[in-house]
Amino acid sequence: MNILETKALSHDFGGLQVLVDVNLKIKEGERHAIIGPNGAGKTTLFNVITGTYKPGEGTVLFKNKEITGFPPHKLVRLGMGRSFQITSTFTWLTAFQNIRMGILSKRGIRFNFFNFLDKMDDVTRETDEVLKRINLDGERDIPASMLSYGKSRSLEISMALATDPDLVMLDEPTAGMSVDETHNAVELIRKLTEGKTMVIIEHDMDVVFSLADRITVLHLGGILASGHPDEIKENQAVKDAYLGEMEV
Ligand SMILES: Nc1ncnc2c1ncn2[C@@H]1O[C@H](COP(=O)(O)OP(=O)(O)O)[C@@H](O)[C@H]1O
Ligand SMILES: [Mg+2]
């Protein structure tokens, strides 16, 4: 089953055509990488899928239900989580408070006054469990702004996953990381996305080829190729447009 599908998705910014007839299919349970040169439209594709922008044309299906233009908080409740290309933790909040925010947004504000405190105990327990899994229990009460770059990106990846989504979308989670930080992030992503569906935009080909079951190449706003990593490596159009310039 396709957990996510876009049909004839197009989008423009004031006449600049950024997405052109994108038909993306993400199978349930796969780790799917989206690659392509800078400016290809990868982040815009995420923004259109996750409700930051309403697409100019086309539809988005999630779990076979049309979700075109649904706002982000509604998508979180349906089981979609995402991270952003630019670090987007709440820097003035602690690691604990950031993760708790993710957990609360999945549960929605459905508490009533009388069971509020009981529910908060649950949420606190769950938040501490997540912090432990991501090795941030030692930094629980430190503001996100004080974390190292690698840890603050780990926190961000974990916020996208704290809501326990069925589908998680990560936009360049290793951008700006050192080799060691990248290695740790890949292991964290592998661990946290076990049994889930993941779509990852990634520029580091080592990360792409070590994580992805399938790859889609976006070029000039359209899908140039989509398939198994070996097929993509051998694809002549992909080599010409993109991979040829890179050592893979
Ligand atoms: N909010 C926006 N307004 C105008 N142009 C935008 C906006 N967001 C992205 N673009 C343009 O759309 C194109 C694709 O950008 P983006 O989706 O960020 O590419 P990628 O993530 O593949 O590098 C670029 O030319 C970029 O300048
Ligand atoms: Mg981008």
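Numbers for residues simply follow the sequence, beginning at 1. One-based numbering, in listed order, for ligands and for the atoms of each.
Within the 2.8 Å limit, Thr43 places at least one N, O or S atom next to the Mg ion (ligand 2).
Using modelled atom types, one finds no donor on one side chain facing an acceptor on the other under 3.5 Å when comparing Asn235 with Glu231. There is a side-chain donor-acceptor pair under 3.5 Å between Thr43 and Asp171. Defined by atom type and a distance below 3.5 Å, a donor-acceptor pair is present between the side-chain atoms of His32 and Thr216. Using a 3.5 Å distance cut-off with no hydrogens or angles, the side chains of Asn184 and Arg153 do not pair a donor with an acceptor.
Using a 4.0 Å cutoff on heavy atoms, Phe46 does not count as a contact of ligand 1. Residue contacts with ligand 1: Gly39 is included, with a non-hydrogen atom under 4.0 Å away.
No N or O atom of Phe13 sits closer than 3.5 Å to an N or O atom of ligand 1. Checking only distances, Leu16 never comes within under 3.5 Å of ligand 1, N or O to N or O.
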Step-by-step salt bridge (Lys or Arg N to Asp or Glu O under 4.0 Å) determination, Arg190 to Glu187: CA-CA 5 Å; Arg190 207 190 291 285; Glu187 288 319 305; 3.6 Å; yes

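In the vicinity of Asn38, heavy-atom distances shorter than 4.0 Å reach the ligand 1 atoms 23 (O).
For Tyr53 and Phe13, the distance between ring centers is under 6.0 angstrom.
When the heavy atoms of Thr43, Leu19, Val18 are ranked by distance to atom 12 (O) of ligand 1, first place goes to Val18.
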